[in-house]
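The block underneath contains the structure these notes are about, expressed in structure tokens.
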Amino acid sequence: MIHSLFLINPSGDIFLEKHWKSVVSRSVCDYFFEAQERASEAENVPPIIPTPHHYLLSVYRHAIFFVAVIQTEVPPLFAIEFLHRVVDTFQDYFGSCSEAVIKENVVVVYEVLEEMLDNGFPLATESNILKELIKPPTILRSVVNTITGSSNVGDQLPTGQLSVVPWRRTGVKYTNNEAYFDVIEEIDAIIDKSGCTVTAEIQGVIDACVKLSGMPDLTLSFMNPRLLDDVSFHPCVRFKRWESERILSFIPPDGNFRLLSYHVSAQNLVAIPVYVKHGISFREGTSSGRFEVTLGPKQSMGKTVEGVTVTGQMPKGVLNMTLTPSQGTYVFDPVTKLLSWDVGKINPQKLPSLKGTMILQAGSSKPDENPTLNLHFKIQQLAISGLKVNRLDMYGEKYKPFKGIKYMTKAGKFQVRT
């Protein structure tokens, strides 16, 4: 299945490689580098690149390309999902997943990768099981290993590996039993010049942090489960129960995990939480232009829109910009022509605005089109799709756990055409 894995940084250096079957030469990555050169941004590199003898499948996360090499045809999502699982595992083990952290823990990285695939096929991809097989690095463990010459490899087979619920180890005990669920939604939208929605969709996930003793059986029900399309579950969820009753029933893994991810694509269900009023104009025959942008909340259910930033790629002819923000700070880079305005919170009583003039190159023609603005924002305690958790029940254990649900909406690719 998966022959090799290469980790490549943005400057094109292969800083780690792992081979499960035969060793594949690094020269296979030349096809990937060609595709990387053709792509305008790192995110635009094609996820699947066919070569004469291999397929290269890649994901880009934390400023690292994870490139899997495959010789036979396999379902592409199988390999891509595995690569995402590798990144999540590194993040779980080391707290973050960066080039520096991977180089620092290179021995543990190789040990973990060795357990995750067996001869190219996924073997142990659950974080709980991996942590019993390969102990996560700590300062104390590193010192002991250096003195005694031992490794992070566990002495015995994980208990979960042999049970019918391989994602949960047996004999879990906590003094405080708690279960927290985060409903996080990302809104992707394109808004046209007149303020109408061209496309809008919501990508949502429910992340869980469950620290419960014993072998609890949980059920999670929603007020409006019919909202959810295209749902993808963690293996612990009983799919038959979801199909018949629209209730999530599961024995949870121990610790942090993603319970499900979903999609809301029906245009009428997607509320747009902010609006942008803009007046960007270039006068023919003069070397100046006018720039005016105002932001305001819309359909934000009375919640505060915070962490707002606006970025826009200005036309090549713009030499400089003299702007006055009513709130926050702005930066214009005359080399890259990138305008960035850090707004902060939107106060509905005093809407933030950015006004001023643009200085254009003398004698240059009027730009063909106005810039597109990209928005980033987040809204706490709101799921913009209207999804609400009804109740969480626990069976199979006697104690009463502490339960918490948190909602958050943030902007994904949110573009406003001007």
Side-chain angles (χ1 to χ4, degrees), residues 9-11 39-44 60-64 96 98-100 186-193 195 272-283 286-298 300 304-362 364-380 408-418:
N9 63 18
S11 54
S40 55
E41 292 176 27
E43 286 88 352
N44 295 343
Y60 180 70
R61 285 179 64 182
H62 306 290
I64 301 170
S96 68
S98 64
E99 184 181 348
E186 267 194 13
I187 179 164
D188 298 335
I190 297 174
I191 312 296
D192 71 9
K193 220 170 187 172
I272 304 295
V274 292
Y275 70 83
V276 180
K277 278 185 184 168
H278 47 79
I280 301 173
S281 58
F282 301 97
R283 284 189 284 278
T286 64
S287 58
S288 68
R290 183 103 195 104
F291 186 94
E292 193 173 319
V293 169
T294 306
L295 304 176
K298 168 189 168 187
S300 61
T304 307
V305 183
E306 54 189 50
V308 182
T309 58
V310 180
T311 55
Q313 187 69 49
M314 294 296 131
K316 285 191 175 70
V318 177
L319 290 179
N320 211 337
M321 302 181 81
T322 310
L323 305 172
T324 308
S326 69
Q327 179 183 325
T329 56
Y330 84 94
V331 176
F332 175 70
D333 187 334
V335 180
T336 60
K337 313 293 184 197
L338 189 71
L339 170 70
S340 180
W341 177 27
D342 188 350
V343 183
K345 284 184 184 176
I346 294 181
N347 178 1
Q349 270 69 50
K350 189 170 180 278
L351 298 179
S353 64
L354 184 65
K355 297 175 185 177
T357 55
M358 295 177 277
I359 298 156
L360 304 177
Q361 216 163 344
S364 66
S365 59
K366 183 182 168 186
D368 295 334
E369 53 186 38
N370 279 0
T372 299
L373 302 176
N374 294 301
L375 264 73
H376 295 277
F377 56 82
K378 60 181 181 195
I379 307 168
Q380 301 285 3
M408 189 169 82
T409 296
K410 54 185 181 178
K413 289 187 175 174
F414 197 98
Q415 289 188 345
V416 179
R417 294 171 180 168
T418 64

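Position 1 is the first residue of the sequence; numbering continues from there.
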Please table the atom pairs, donor to acceptor, closer than 3.5 Å between any side-chain atom in residues 352-359 and protein atoms at least two apart or in another chain.
none

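- Within the 4.5 Å cutoff, the side chain of T372 has no heavy atoms near those of the T418 side chain.
- Partners of R61 by side-chain hydrogen bond (donor to acceptor under 3.5 Å, both in side chains), not counting sequence neighbours, listed by chain and number: H84, D88.
- Of the residues L351, V274, T304, the one that meets the side-chain contact (heavy atoms from CB on, under 4.5 Å) test with P297 is L351.
- Atom CG of N374 sits about 10.5 Å away from atom CZ of F414, to the nearest 0.5 Å.
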Compile the donor-acceptor pairs under 3.5 Å between side chains in residues 311-321 and protein atoms, sequence neighbours left out, one pair per line.
from : atom 1 : to   : atom 2 : distance (Å)
Q313 : NE2    : T336 : O      : 2.5

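- Residues F377 and V343 are not in side-chain contact: their nearest non-hydrogen atoms beyond the backbone lie 4.5 Å or more apart.
- In this view, F332 satisfies the ring pair (Phe, Tyr, Trp, His ring centres under 6.0 Å) rule with no residue, not counting sequence neighbours.
- L373 pairs in a side-chain contact (heavy atoms from CB on, under 4.5 Å) with only one of the listed residues (I191, V293, L295, L339), which is V293.
- Put simply, the side chain of W341 reaches to within 4.5 Å of the side chain of P325, judged on heavy atoms.
- Scored by the ring pair (Phe, Tyr, Trp, His ring centres under 6.0 Å) test, F291 finds no partners at all (sequence neighbours excluded).
- In this structure, K378 places its NZ atom where only 12 or fewer heavy-atom neighbours from other residues, nucleotides or ligands lie under 6.0 Å away.
- Taking the side chain as every heavy atom from C-beta outward, E43 and Y60 approach each other to under 4.5 Å.
- Considering NZ of K410 and NE2 of H376, their distance stands at 11.5 Å, rounded to 0.5 Å.
- Taking the salt bridge (charged side-chain N to carboxylate O under 4.0 Å, His left out) definition, one finds that E186 meets it with nothing, sequence neighbours left out.
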